[in-house]
**Q** 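Got a structure for you, questions after.
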Number of protein chains: 2
Amino acid sequence: MELSCKSEYALLALIVLRDHYLDAEPVQIRQIAMQQNIPDRYLEQLLAVLRRSGLVRSQRGARGGYSLAREPWQITLLEVINCIEGRDITAPIGEPAETTERIAIREVWQRACSQMSEVFRGCTLQELCDRRDNRQTSQLMYYI
Amino acid sequence: MELSCKSEYALLALIVLRDHYLDAEPVQIRQIAMQQNIPDRYLEQLLAVLRRSGLVRSQRGARGGYSLAREPWQITLLEVINCIEGRDITAPIGEPAETTERIAIREVWQRACSQMSEVFRGCTLQELCDRRDNRQTSQLMYYI
DNA sequence: CGCAAAACCCGGTGGTGAACCGGGGTATAC
DNA sequence: GTATACCCCGGTTCACCACCGGGTTTTGCG
């Protein structure tokens with residue numbers, strides 16, 4: 001599986017946006033790019049996709065920038081990845097399959113996709129940030 | 001995730017080989033290719049990879065061909081895919097990640113890879129063929 | 001022995017997408 | 001009205017996938 005570089009960049013950007021979630025002012029591309037070490041012109045394209053999908057809001061002109069369009073606990077990683085990858089990663093790719101052999105393969109493949117997607121569906125942007133903030137603490141909490 | 005066309009072709013070929021598992025004579029590339037609608041010159045490359053990984057045996061010369069190197073219930077789909085994809089799909093790709101943000105992302109991504117791999121690890125070539133042979137029957141059996 | 005049938009090896013090609021850069025257009029705060 | 005940001009569009013480089021073809025080597029068989 002290859003959640004290419006794109007998805008990682010997008011998630012990194014969203015993490016920054018959630019860090020400034022309560023700020024009055026939006027965050028600029030340049031700032032995100034420098035902070036997370038992402039080529040800014042490339043990040044611009046990804047943020048455009050996130051905006052068109054309604055995950056992110058933009059403010060044009062001077063003092064403009066980006067901000068989250070939703071609360072961080074209402075954004076799942078699956079949404080972000082699906083949106084940035086441009087397709088539904090819950091299902092296999094390619095045409096539906098016709099022979100019994102190919103159908104059998106697709107069945108297993110479908111289950112694999114679903115299992116993977118469930119991990120991403122079960123993690124929100126908020127949880128991702130929590131996990132970053134104190135990984136050891138949260139891991140302890142899981143065992144209580 | 002994209003278990004590209006390659007993996008599907010390889011699995012289709014292995015299904016044919018398992019159908020002739022008890023035959024004395026090996027199966028030719030041409031025969032597999034025509035039966036499964038795979039370009040034969042391309043299939044040749046894939047079978048070469050499977051052979052180098054010890055999943056398949058080859059017999060050169062006239063009346064030659066390919067046969068399974070192991071019993072079909074001792075070949076998991078994960079082995080086949082890892083072998084044909086040329087890497088361990090159990091783990092994410094790319095360099096290890098340095099910042100806390102990237103580490104957090106990788107953690108989730110790693111879990112997703114593992115969940116997906118488990119599906120492929122838990123399915124053998126034998127089971128794949130059984131599933132093809134009588135899908136409705138086996139589905140009934142699962143509920144008993 | 002000779003021939004045909006098969007695997008083997010190696011290189012090339014067309015297409016696609018990823019990751020990136022750059023130029024100019026447009027909206028907006030000050 | 002000017003600086004500052006987003007916005008839009010295109011191009012480029014690179015790698016990989018799917019595939020093709022030529023030529024070599026091995027082997028069964030008449």
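Residue numbers begin at 1 in each chain, while the letters A, B, ... track the order of the sequences.
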**Q** Kindly write out the residues that satisfy salt bridge (charged side-chain N to carboxylate O under 4.0 Å, His left out) with A:Asp88, not counting sequence neighbours, or none if the list is empty.
**A**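 Salt bridge (charged side-chain N to carboxylate O under 4.0 Å, His left out) list for A:Asp88, sorted by chain: empty.
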**Q** Quickly work out the A:Leu47 CG to D:dC7 P distance and round it to whole Å.
**A**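 Computing the A:Leu47:CG to D:dC7:P distance gives 9 Å.
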**Q** Round to a whole Å and report the spacing from OH of A:Tyr42 to P of D:dG10.
**A** 18 Å
**Q** Is there any salt bridge (Lys or Arg N to Asp or Glu O under 4.0 Å) pair reaching into residues 46-66 of chain A, and which pairs are they, with sequence neighbours excluded?
**A** A:Glu25-A:Arg63
**Q** Would you kindly give the CG-to-C1' distance between A:Leu46 and D:dC8, to the nearest whole Å?
**A**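 To the nearest whole Å, that distance equals 15 Å.
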**Q** Which two nucleotides bound the region of DNA chain C that has atoms under 4.0 Å from heavy atoms of chain B, read 5' to 3'?
**A** C:dA5 to C:dG11
**Q** Let's see if you get this right: which residues in residues 59-68 of chain B place a heavy atom under 4.0 Å from DNA chain D?
**A**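 Residues of residues 59-68 of chain B under 4.0 Å from DNA chain D: B:Gln59, B:Arg60, B:Gly61, B:Ala62, B:Arg63.
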**Q** In terms of the nearest nucleotide of DNA chain C, which residue is placed more toward the 5' end: B:Arg51 or A:Ser7?
**A**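 So the residue in question is B:Arg51.
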**Q** If each of B:Glu44 and A:Asp40 is mapped to the nucleotide of DNA chain C with the nearest heavy atom, which maps nearer the 5' terminus, i.e. the 5' end?
**A**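 Mapping each residue to its closest nucleotide by heavy atoms, the 5'-most match is B:Glu44.
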**Q** For residues 26-37 of chain A, which residue pairs qualify under side-chain hydrogen bond (donor to acceptor under 3.5 Å, both in side chains), counting only residues two or more places apart or in two chains?
**A**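 Applying side-chain hydrogen bond (donor to acceptor under 3.5 Å, both in side chains) to every pair that reaches into residues 26-37 of chain A, excluding sequence neighbours, yields nothing.
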**Q** According to side chain to side chain donor-acceptor pair (under 3.5 Å), who are the partners of A:Arg70, at least two apart in sequence or on a separate chain?
**A**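 Result, side chain to side chain donor-acceptor pair (under 3.5 Å) vs A:Arg70: A:Glu79.
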**Q** Whole angstrom is fine here: how far is it from CZ in A:Arg57 over to P in D:dC6?
**A**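 About 16 Å, once rounded to whole Å.
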**Q** Mind running side-chain contact (heavy atoms from CB on, under 4.5 Å) on A:Ile93 and A:Arg87 for me, showing each step along the way?
**A** CA-CA 9 Å; A:Ile93 46 182; A:Arg87 62 188 185 85; 3.2 Å; yes
**Q** Output all residues satisfying salt bridge (charged side-chain N to carboxylate O under 4.0 Å, His left out) with B:Glu71, sequence neighbours left out; order by chain, then residue number.
**A**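 For B:Glu71, no residue satisfies salt bridge (charged side-chain N to carboxylate O under 4.0 Å, His left out) once neighbours in sequence are set aside.
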**Q** Report the distance from atom CG of A:Leu43 to atom P of D:dC7, rounded to the nearest whole Å.
**A** 12 Å
**Q** What residues form a salt bridge (charged side-chain N to carboxylate O under 4.0 Å, His left out) with A:Asp23, not counting sequence neighbours?
**A**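 For A:Asp23, no residue satisfies salt bridge (charged side-chain N to carboxylate O under 4.0 Å, His left out) once neighbours in sequence are set aside.
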**Q** Output all residues satisfying side chain to side chain donor-acceptor pair (under 3.5 Å) with A:Glu44, sequence neighbours left out; order by chain, then residue number.
**A** A:Arg41
**Q** Check DNA chain D against residues 9-38 of chain B and give the residues with a non-hydrogen atom under 4.0 Å, in numerical order.
**A**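 Residues of residues 9-38 of chain B that come under 4.0 Å of DNA chain D are, in numerical order, B:Tyr9.
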**Q** Is there a salt bridge (charged side-chain N to carboxylate O under 4.0 Å, His left out) between A:Arg102 and A:Glu98 once you walk through the steps?
**A** CA-CA 7 Å; A:Arg102 290 181 196 246; A:Glu98 50 302 344; 3.5 Å; yes
**Q** Report the residues that fulfil side chain to side chain donor-acceptor pair (under 3.5 Å) with B:Ser114, sequence neighbours left out, ordered by chain and then residue number.
**A**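 Testing B:Ser114 for side chain to side chain donor-acceptor pair (under 3.5 Å), a comparison that skips the adjacent residues, returns B:Gln110.
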**Q** Is any side-chain N or O of A:Arg52 closer than 4.0 Å to OP1 or OP2 of D:dC8?
**A**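 For D:dC8, OP1/OP2 do have a side-chain N/O of A:Arg52 under 4.0 Å.
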**Q** D:dC9 C1' sits how many Å from A:Gln45 CD, rounded?
**A** 10 Å
**Q** Mind checking side chain to side chain donor-acceptor pair (under 3.5 Å) for A:Asp40 and listing every partner two or more places apart, or none if nothing turns up?
**A** none
